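Structure first, commentary second.
Order of the sequence lines fixes the chain letters, A, B, ..., with proteins taken first and strands second; residue numbering starts at 1 for each chain. The structure presented is a predicted model; accordingly, all values stated were derived computationally and were not measured.
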There are 2 protein chains.
Amino acid sequence: MNDQDRRSMPLFSIGIVIKLTELTARQIRYYEEHQLIAPERTSGNQRLFSFNDVDKLLEIKNLLDNGLNIVGIKFLLTEQEKTELKQQKAPDLTKKELKQILKNELTEAGKYGKVSLRQGELSRFFVKH
Amino acid sequence: MNDQDRRSMPLFSIGIVIKLTELTARQIRYYEEHQLIAPERTSGNQRLFSFNDVDKLLEIKNLLDNGLNIVGIKFLLTEQEKTELKQQKAPDLTKKELKQILKNELTEAGKYGKVSLRQGELSRFFVKH
DNA sequence: CAGTCCATGTTAGATAAACTTACATCAATT
DNA sequence: AATTGATGTAAGTTTATCTAACATGGACTG
C-alpha cells in the first residue's frame with residue numbers, strides 16, 4: 001500500500017470531518033453536490049472521507065474565504081489533480097492562464113491579511129511523505 | 001500538535017475500526033470492557049478510536065492469536081506504555097520477568113509459524129515519526 | 001465426564017448519527 | 001425588484017451504534 005492509497009482510503013465519518021474542518025454538514029454536502037469532492041459511501045449510503053477529501057475541504061474553505069466561487073475552486077482543484085498526475089503535456093493555455101490568475105489573487109489576498117488561520121493540508125500532518 | 005497528540009486523536013468510528021482490524025464489534029467492546037483500550041466517546045456516547053487504539057487492537061489480535069489471554073495482554077500493554085513514557089526507574093522484578101516470559105513465548109510461537117500475517121502497528125503507516 | 005470459565009456470537013430494543021428533500025435566508029448581482 | 005449563490009433549518013427516514021442479556025463452544029479442572 002503506497003502513500004496515495006493511504007491518502008485516498010475512506011476513513012472518516014462526516015461528524016469527524018465537521019470537527020476537523022470546522023465546516024457544517026450542509027457545506028460539505030453542497031461541495032460534494034457540486035463535485036468538488038467525491039467521498040466514498042458505506043453500504044448504507046453514509047459518506048466516508050479520506051485524508052485527501054479532508055485536505056480538499058480545507059483548501060475549499062480557504063479559497064472561499066478568499067472570495068473564489070465554487071466554479072473557480074472546482075477549476076483549481078481539477079487543474080491541481082492533473083498536475084499531480086504529472087501529465088507533462090502542453091497545457092491548455094486558457095486554463096493555465098486562469099489558474100495563474102486565481103493563484104495570484106490568492107497570494108495577493110494573503111499579503112493583505114485576508115488569509116485566515118493557515119488551514120494546511122491535513123494529511124501532511126498524518127501521512128508519511 | 002505533536003506526534004503523540006496525532007496518534008491519540010479520536011477519529012474513527014467503530015465501523016471503520018472493524019474494517020481496519022478485522023475484529024468484530026463484540027471483540028472490540030469486550031477488550032474495552034477489560035480495559036485494554038479506552039476509546040473516547042462522542043457527546044452521544046458513541047466510541048471514537050485513535051490511531052493508538054487501532055494499533056493496540058492489532059497488537060491484541062496478534063497476542064490472542066498466540067495464545068495469550070486478556071490479563072496477559074493487559075499486562076504487556078501496560079508495561080509497554082510505561083516503557084514508552086521512558087520511566088527509567090528500576091523496574092519491578094516480578095513484572096519484568098513476566099514480561100520477558102511472555103515475550104519469549106511469543107517469539108517462540110513465531111518460530112513455529114504460529115504468527116499469522118504480520119499485523120503491524122497501523123499508525124506506522126499513517127503517522128509521521 | 002460434568003462443571004467452569006473465557007472469548008465470542010447473537011438478538012432485542014433504544015438512541016445517535018447521517019441521509020435526502022424541501023423550503024428559508026441573505027448578501028451580492030443584475 | 002428580481003435572481004443567484006452559498007448556507008441555514010426542519011421533517012421524516014434510514015443506518016450505525018449502544019447496552020444488556022442470554023447462547024455457545026473449546027479448554028481446563030476437580
(request) Would you give a per-nucleotide map of nucleotides 5-12 of chain C, 5' to 3', where B means the base has a protein non-hydrogen atom under 4.0 Å away, S means only the sugar-phosphate does, and - means neither? (result) -SBBBB--
(message) Between B:Gln27 and B:Lys61, is the side chain to side chain contact (heavy atoms under 4.5 Å, CB included) condition met? List the steps.
(response) CA-CA 10 Å; B:Gln27 287 175 302; B:Lys61 195 182 177 190; over 6 Å; no
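- Judged as a side-chain contact (heavy atoms from CB on, under 4.5 Å), and not counting sequence neighbours, the contacts of B:Gln4 are B:Asn2, B:Arg7, B:Ser8, B:Asn52.
- The line from NZ of A:Lys19 to CG of B:Leu48 is 5.5 Å long, rounded to the nearest 0.5 Å.
- Listed for the A:Asp53 side chain is a donor-acceptor partner under 3.5 Å among the backbone atoms of A:Ser50.
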Could you go through nucleotides 13-18 of chain C and list every protein N or O atom that sits under 3.5 Å from one of its N or O atoms, giving the distance for each pair?
unit_1, atom_1, unit_2, atom_2, d
C:dA16, O4', B:Gln46, OE1, 3.4
C:dA17, OP1, B:Thr42, OG1, 2.9
C:dA17, OP1, B:Gly44, N, 3.4
C:dA18, OP1, A:Ser13, OG, 3.2
C:dA18, OP1, A:Gly15, N, 3.1

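- Here the P atom of nucleotide D:dT14 and the CZ atom of A:Arg41 are 16 Å apart, to the nearest Å.
- A:Leu63 pairs with exactly one of A:Ile70, A:Leu76, A:Leu58, A:Asn69 by the side-chain contact (heavy atoms from CB on, under 4.5 Å) rule, that one being A:Leu76.
- Scored by the side-chain contact (heavy atoms from CB on, under 4.5 Å) test, A:Ile28 finds A:Ile14, A:Val17, A:Ile18, A:Thr21, A:Leu23, A:Ile37, A:Phe49, A:Leu57 as partners (sequence neighbours excluded).
- Take A:Lys74 and apply the side-chain contact (heavy atoms from CB on, under 4.5 Å) test, not counting sequence neighbours, and it matches A:Gln35, A:Leu36, A:Thr78.
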Kindly give the atom pairs (protein nitrogen or oxygen, nucleotide nitrogen or oxygen) under 3.5 Å for nucleotides 27-29 of chain D.
none

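- We find the OH-CG distance between A:Tyr31 and A:Leu64 to be 4.5 Å, quoted to the nearest 0.5 Å.
- Looking only at side-chain heavy atoms (C-beta outward), A:Leu11 and A:Ile16 stay at 4.5 Å or farther from each other.
- The aromatic rings of B:Phe51 and B:Phe12 stand perpendicular to each other, their planes meeting at an angle above 60°, with 30° marking the opposite boundary.
- Follow the hydrophobic side-chain contacts under 4.5 Å out from B:Val54 and you reach A:Met1 in the same cluster.
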Under-3.5 Å N/O pairs linking protein and nucleotides 26-29 of chain C:
none

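- Applying the salt bridge (Lys or Arg N to Asp or Glu O under 4.0 Å) definition to pairs two or more places apart or across chains, those involving residues 33-44 of chain A are A:Glu32-A:Arg41.
- In this structure, CD of B:Glu33 is placed 12 Å from P of D:dA21, rounded to the nearest angstrom.
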(request) Apply side chain to side chain contact (heavy atoms under 4.5 Å, CB included) to the pair A:Gln80 and A:Lys56, showing each step before the final yes or no. (result) CA-CA 11 Å; A:Gln80 199 165 289; A:Lys56 275 194 195 173; over 6 Å; no
